Amino acid sequence: SQQGEEDPQALSIQEGENATMNCSYKTSINNLQWYRQNSGRGLVHLILIRSNEREKHSGRLRVTLDTSKKSSSLLITASRAADTASYFCATDPYGQNFVFGPGTRLSVLP
Amino acid sequence: DSGVTQTPKHLITATGQRVTLRCSPRSGDLSVYWYQQSLDQGLQFLIQYYNGEERAKGNILERFSAQQFPDLHSELNLSSLELGDSALYFCASSVGVTNTGELFFGEGSRLTVL
């Protein structure tokens, strides 16, 4: 498996529901980031959480980090059709350059 | 709009050819990163430049090379192209030399090798 892996690979929900995506990684990290990518477009930064933080919020997004389990979760509340995208976690193994996972494809159905 | 500009947006070429992809980072950013995104390999880090100097190397093939110019724009050169080089190539930029913060991505250059 890769340094960072998102789970599930694909997720389909109804508008208004919450979406939860998970990221697991293997090595010690300093930071973990979540990015969104609309089909064929560039990645857009959503949130960064440092290794000494456990939870961060940004609008409808909530990110948690559990360094003991080497895992993070991204929760999108009250999802909208516009949230349909791929979501990637990126980790910096041993403080080196960020490595991206394969992503979770989220479909929000109207 | 991230402020990172990549050209060309689309490029179709033949095997064995050479292409150059160009990236202008966000104003004030000194680091430029190149990533390759393909269906089977995901988003792969290729190389990073900081203020004109190579800073870190990832999974970059010997057929590929990059440089960052004094005005901080960067070019990624891909030569002896193979079918498997077809991918989206992204440039990203950040302020500092170490990868501790947000990366700003361009919209990518889609390369198709026929």
Side-chain angles (χ1 to χ4, degrees), chain A residues 1-10 21 23-53 56 58-59 61 63 65 74 85-105, chain B residues 1-7 9-10 21 23-26 29 31-50 54-60 66 86-112:
Chain A
S1 65
Q2 300 188 43
Q3 156 65 358
E5 277 199 35
E6 295 87 349
D7 169 61
Q9 289 186 336
M21 287 157 269
C23 171
S24 59
Y25 57 92
K26 294 196 270 190
T27 68
S28 168
I29 62 170
N30 292 340
N31 305 280
L32 184 145
Q33 304 188 52
W34 284 91
Y35 286 80
R36 183 188 75 231
Q37 182 183 31
N38 291 88
S39 181
R41 305 290 301 275
L43 279 74
V44 175
H45 180 262
L46 295 176
I47 202 163
L48 179 150
I49 187 166
R50 304 199 187 280
S51 60
N52 61 353
E53 298 175 310
K56 279 189 88 167
S58 177
L61 306 180
V63 168
L65 178 64
L74 170 67
S86 290
Y87 291 81
F88 297 87
C89 73
T91 56
D92 57 350
Y94 304 114
Q96 300 302 306
N97 271 300
F98 278 97
V99 176
F100 287 79
T104 291
R105 291 189 312 280
Chain B
D1 181 4
S2 67
V4 177
T5 304
Q6 288 188 248
T7 57
K9 289 191 184 339
H10 301 276
L21 310 180
C23 169
S24 293
R26 209 174 56 123
D29 285 356
S31 274
V32 168
Y33 308 79
W34 286 98
Y35 287 86
Q36 178 194 57
Q37 186 178 40
S38 58
L39 283 175
D40 57 344
Q41 293 289 322
L43 198 66
Q44 298 285 319
F45 167 68
L46 296 179
I47 197 164
Q48 176 201 357
Y49 277 82
Y50 174 78
E54 182 184 303
R55 177 68 185 176
K57 241 178 179 177
N59 301 320
I60 188 165
S86 295
L88 258 176
Y89 291 85
F90 286 106
C91 167
S93 71
S94 69
V95 172
V97 59
T98 54
N99 204 352
T100 57
E102 179 179 352
L103 294 179
F104 295 87
F105 280 81
E107 290 296 310
S109 293
R110 182 175 294 280
L111 173 66
T112 302

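Note that this is a predicted model, so its numbers are computed, not measured. Convention: sequence-line order gives letters A, B, ...; per-chain numbering from 1.
- The CD atom of E107(B) sits 4.0 Å away from the CZ atom of R41(A) when rounded to the nearest 0.5 Å.
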Worked check of side chain to side chain contact (heavy atoms under 4.5 Å, CB included) between F105(B) and Y35(A)
CA-CA 10 Å; F105(B) 280 81; Y35(A) 286 80; 3.9 Å; yes

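- In this structure, the side chains of L43(B) and V99(A) stay at 4.5 Å or more apart for every pair of heavy atoms.
- Going from atom CG of N97(A) over to atom OH of Y35(B) covers 6.0 Å, rounded to the nearest 0.5 Å.
- Neither the backbone nor the side chain of Q6(B) has a heavy atom closer than 4.5 Å to any heavy atom of chain A.
- With values rounded to the nearest 0.5 angstrom, L46(A) atom CG is found 9.5 Å from E102(B) atom CD.
- Ring pair F45(B)/F100(A): centre-to-centre distance not below 6.0 Å.
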